[in-house]
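Order of the sequence lines fixes the chain letters, A, B, ..., with proteins taken first and strands second; residue numbering starts at 1 for each chain.
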2 protein chains.
Amino acid sequence: MAHATIRDVAREADVSVASVSRVLNGHSNVRPAVRERVQAVAAALGYVPHAGARNLSLARTNAIGVMLPDLHGEFFSETARGIDSEASARGLQLLLSNAHANPARAIETLRTMRGRVDGVIIMAPDLDPEQLFEHLPPSLPAVLINCCGNVQGRAELRVDNVAGAEAMVEHLVSTGRRRIVHLAGPDGNSEAQARVAGYCAAMARHGLAPRILPGDFFEEAGTAAAEELLRELDGPEAPDALFAANDMMAIGAMMRFRRAGVAVPGRIAIAGFDDVPLARLISPALTTMRVGIAGIGARAVVRLTALIAGGHDHAVEPRTPELIVRETTWSTINTEQPASRE
Amino acid sequence: MAHATIRDVAREADVSVASVSRVLNGHSNVRPAVRERVQAVAAALGYVPHAGARNLSLARTNAIGVMLPDLHGEFFSETARGIDSEASARGLQLLLSNAHANPARAIETLRTMRGRVDGVIIMAPDLDPEQLFEHLPPSLPAVLINCCGNVQGRAELRVDNVAGAEAMVEHLVSTGRRRIVHLAGPDGNSEAQARVAGYCAAMARHGLAPRILPGDFFEEAGTAAAEELLRELDGPEAPDALFAANDMMAIGAMMRFRRAGVAVPGRIAIAGFDDVPLARLISPALTTMRVGIAGIGARAVVRLTALIAGGHDHAVEPRTPELIVRETTWSTINTEQPASRE
DNA sequence: CTGTTAGCGCCTTCAG
DNA sequence: CTGAAGGCGCTAACAG
């Protein structure tokens, strides 16, 4: 049995479709008797309005599109969570699509969102903005998050990754570190590039030689970097700090150092970037730059809502990351020797 | 400037809308000259088809609705990730809605999905199934995940929480634990209830006295439970294991014990449930029951796709959690004393 | 208060 | 190969 339509209800209740529509949308100009009859019939038929049709005729969907690079890892799930909490507080549904770093698919996705959402939130640090924005319908409200090359003057939220990376280097230097190695994010990623830039600038300011290891934001890259550094830890040029471009890589490195029995931060300090929830739970807790991931997502929804309501917003809203120093060291953790059981 | 419509393109290209439609959808029966002209005009006008209208006339959306209890915590983001990866591999978009444990809103959400998605995936362990399913349009394809009271014979994936909890108790007992305390999930949650049941059954089988602390699946509940147990740790009835109904609570407890300087698992063993990604990264690494969260999400998409394609599927597919024993102890971690800096 | 009518933007027979 | 016309399901004037 197919779905009942508004026409079925109208016929059964012996009224016009207009009246059914009025009842269902809570308009007041309907005689109580008619209202009740319509409601009864609708319930009996198991009628559920076809939201798609409704959207078409209202030219309004109450949904927003969200394009994220990937849903893997805590960074993006935190963003999604921030967006979701604000969206659901406003009764908006979310049409999610991850771009998987594939420009063609990203564009295709944007196109299939047209007419299904009232606006979009786009986070695409790894996509060529030229291509992307060319296919962004100008009349589609959009809020960008960390999109390099926002040429159309779109509303945007942009984390100051350069300043963040500089701040972290300053912190490491202030605690006595000198041989600070940076583990970078993926090549084509504008955020990763900015963090490298900040790192280099701050190192130069202190007359320190930069050293950059390639990475990709994944845990395994941290593991690999740690393995490389492990070989040098007893040498004359031993690094005394590893500053990873994101938390997951920092954690990968930390796990590897731990497995090798290297004291962190005793022998080598480790710092991350993002402050994902995990950073606080790992031990030793991770010193990192907090970007307020979920808050950015929520803020994007707020601005998008205003845009959809007809507002104008061409601002690039800067977000400055905050240094989070976590001082947990082994000594405060392991106050008691393990009882070996079995 | 508003969006161009198919009619604008037709007018500018001096052809009928039918021809434009054919060109845009790659039909072959169009003269090359016409095809090119239409494509040129469409590009010039920045025309993007209105997906909503397309869906209406095709009665097909290529989107699936996803209703999760909440996007907070790794459990649900993992589920979402599994769903997302499988969905995007199939070119499906996701319409996300979290129910926030509010039955009325959940029903409302389900209704607004009608006509906007081809099918839905529902995970609602905390909702009254009577109410929920009554409002689930029978003709809407759906796959349920861990929904108690699946009265309509809907396709479902169900984790065997009872067996999982039993297995964990068996494991703890086999490693010599006797005073095993269970930290439960929220009251109205069917998964939490099943885990309690499994715990009690296994305890009874060994003639052990069950003890259940109230919880809610959040980290803080774990903290609170640990504080309660801390007071008893030196007493004659000191518990020797805490089995939390999910990983986050287990982690909360572990953090609290660590802060108090209590050796884990030396003084007290801690076990969780779910095997969220975090469980492996925490230290000591968490022993837990793996339910294959992302895999369940992916599998749900596969089954839903078949259902949408017209298949029949009334099966309840069982998933048995797998015991993951992680043996990391402090001694293997802290092989080196911290160098105190500063 | 209620019904009729005209779309929303697109796709798809059905003729030509 | 192409155009005209009807319809997807619903809402919103516009008359009664």
Side-chain angles (χ1 to χ4, degrees), chain A residues 2-39 41-42 45-63 111-118 137 139-140, chain B residues 2-39 41-42 45-63 111-118 137 139-140:
Chain A
H3 272 122
T5 76
I6 196 173
R7 226 152 6 222
D8 298 324
V9 178
R11 181 169 19 79
E12 294 292 312
D14 202 32
V15 295
S16 71
V17 293
S19 290
V20 177
S21 175
R22 288 192 262 262
V23 171
L24 265 30
N25 293 300
H27 294 194
S28 56
N29 50 348
V30 186
R31 202 156 28 113
V34 172
R35 176 180 305 281
E36 286 175 30
R37 190 145 39 93
V38 167
Q39 286 171 331
V41 171
L45 261 44
Y47 171 71
V48 179
H50 187 292
R54 201 154 184 279
N55 295 160
L56 183 60
S57 109
L58 288 175
R60 181 85 153 107
T61 66
N62 282 308
R111 292 172 64 95
T112 63
M113 284 201 171
R114 151 90 215 277
R116 312 196 52 183
V117 299
D118 298 330
S139 50
L140 181 66
Chain B
H3 272 123
T5 75
I6 196 173
R7 235 168 341 238
D8 298 324
V9 178
R11 181 169 20 76
E12 294 293 311
D14 201 33
V15 294
S16 71
V17 293
S19 291
V20 176
S21 174
R22 288 193 261 262
V23 170
L24 266 32
N25 293 300
H27 294 193
S28 56
N29 50 347
V30 186
R31 209 161 16 122
V34 172
R35 175 179 305 281
E36 286 175 30
R37 189 145 38 93
V38 168
Q39 286 171 333
V41 171
L45 261 43
Y47 170 71
V48 179
H50 187 292
R54 203 153 183 279
N55 295 160
L56 183 60
S57 91
L58 289 176
R60 181 85 153 107
T61 66
N62 282 309
R111 291 174 65 96
T112 63
M113 286 204 170
R114 149 91 216 275
R116 311 194 55 183
V117 299
D118 298 330
S139 50
L140 182 65

*Asks:* So for the helix from dC1(C)-dG16(D) to dG16(C)-dC1(D), with five pairs setting each end axis, what is the inter-axis angle to 10°?
*Replies:* 40°
*Asks:* Show me the pairs that pass salt bridge (charged side-chain N to carboxylate O under 4.0 Å, His left out) and involve residues 3-21 of chain B, at least two apart or across chains.
*Replies:*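 As it turns out, the salt bridge (charged side-chain N to carboxylate O under 4.0 Å, His left out) pairs with a partner in residues 3-21 of chain B, which skip direct neighbours, are D8(B)-R11(B).
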*Asks:* Quick check against the 3.5 Å criterion: does H50(B) have a side-chain atom that pairs as donor or acceptor with the backbone of G52(B)?
*Replies:*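 Side chain of H50(B) to backbone of G52(B): a pair is present.
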*Asks:* Just to be sure I understand the geometry, which residues of residues 47-56 of chain B put a non-hydrogen atom under 4.0 Å away from DNA chain C?
*Replies:* Y47(B), P49(B), H50(B), A53(B), R54(B)
*Asks:* Quick one: label A59(B) by what it contacts on the DNA or RNA (base, sugar-phosphate, nothing), any heavy atom closer than 4.0 Å.
*Replies:*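 A59(B): no heavy atom of the nucleic acid under 4.0 Å.
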*Asks:* Could you list the residues that satisfy side-chain contact (heavy atoms from CB on, under 4.5 Å) with L24(A), not counting sequence neighbours?
*Replies:*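 If we apply the side-chain contact (heavy atoms from CB on, under 4.5 Å) test to L24(A), skipping adjacent residues, the hits are V20(A), V38(A), Y47(A).
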*Asks:* Which atom pairs, one a donor and one an acceptor, fall under 3.5 Å between side chains of residues 54-63 of chain A and the rest of the protein, sequence neighbours left out?
*Replies:*
from, atom 1, to, atom 2, distance (Å)
R54(A), NH2, N25(A), OD1, 2.6
N55(A), OD1, R116(B), NE, 3.3
N55(A), ND2, A51(A), O, 3.2
N55(A), ND2, R60(A), O, 3.1
R60(A), NH1, D118(A), OD2, 2.6
T61(A), OG1, A63(A), N, 3.1
T61(A), OG1, A63(A), O, 3.4
T61(A), OG1, D118(A), N, 3.2
T61(A), OG1, D118(A), OD1, 2.9
T61(A), OG1, D118(A), OD2, 3.4

*Asks:* Please give me the minimum heavy-atom distance between V117(B) and L140(B), naming the atom from each residue.
*Replies:*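 It is O-CD1, 4.4 Å.
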*Asks:* Rounded to whole angstrom units, what separation is found between the NE2 atom of H3(A) and the P atom of dC10(D)?
*Replies:* 10 Å
*Asks:* Checking Q39(B) now: which residues fulfil side-chain contact (heavy atoms from CB on, under 4.5 Å) with it, not counting sequence neighbours?
*Replies:*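 Q39(B) satisfies side-chain contact (heavy atoms from CB on, under 4.5 Å) with V23(B), R35(B) only.
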*Asks:* With hydrogens left out and only the distance checked, is there a donor-acceptor pair under 3.5 Å joining R22(B)'s side chain and the base of dG3(D)?
*Replies:* yes
*Asks:* Do P49(A) and I6(A) have side chains that approach each other closer than 4.5 Å (heavy atoms only, starting at C-beta)?
*Replies:* no
*Asks:* Looking only at heavy atoms, which two atoms of A10(A) and S16(A) are closest? And how far apart?
*Replies:*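 Residues A10(A) and S16(A), closest heavy atoms: CB-C, 3.8 Å.
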*Asks:* Can you list the residues that meet the side chain to side chain donor-acceptor pair (under 3.5 Å) rule with R114(A), with sequence neighbours excluded?
*Replies:*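 Side chain to side chain donor-acceptor pair (under 3.5 Å) list for R114(A), sorted by chain: H3(B).
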*Asks:* Any residue in residues 23-34 of chain B with a heavy atom nearer than 4.0 angstrom to DNA chain C? Just list them by number, or reply none.
*Replies:* N25(B), H27(B)
*Asks:* Please check: side-chain N/O of R37(A) versus main-chain N/O of A13(A), any donor-acceptor pairing under 3.5 Å?
*Replies:* yes
*Asks:* Using a cut-off of 4.0 Å on non-hydrogen atoms, how would the nucleic acid contact of S19(A) be classed: base, sugar-phosphate, or nothing?
*Replies:*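 Sugar-phosphate: the residue S19(A), judged by heavy atoms under 4.0 Å, touches backbone atoms but no base.
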*Asks:* What residues form a side chain to side chain donor-acceptor pair (under 3.5 Å) with R31(B), not counting sequence neighbours?
*Replies:* none
*Asks:* Which whole-number value in Å describes the distance from R60(A) CZ to dC10(D) C1'?
*Replies:* 17 Å
*Asks:* Give the first and the last nucleotide of DNA chain C, reading 5' to 3', that has any atom under 4.0 Å from a heavy atom of chain B.
*Replies:*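 Reading along DNA chain C, I get dC8(C) to dT12(C).
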*Asks:* Specify the residue among S16(B) and V20(A) whose closest nucleotide of DNA chain D lies further upstream toward the 5′ end.
*Replies:* S16(B)
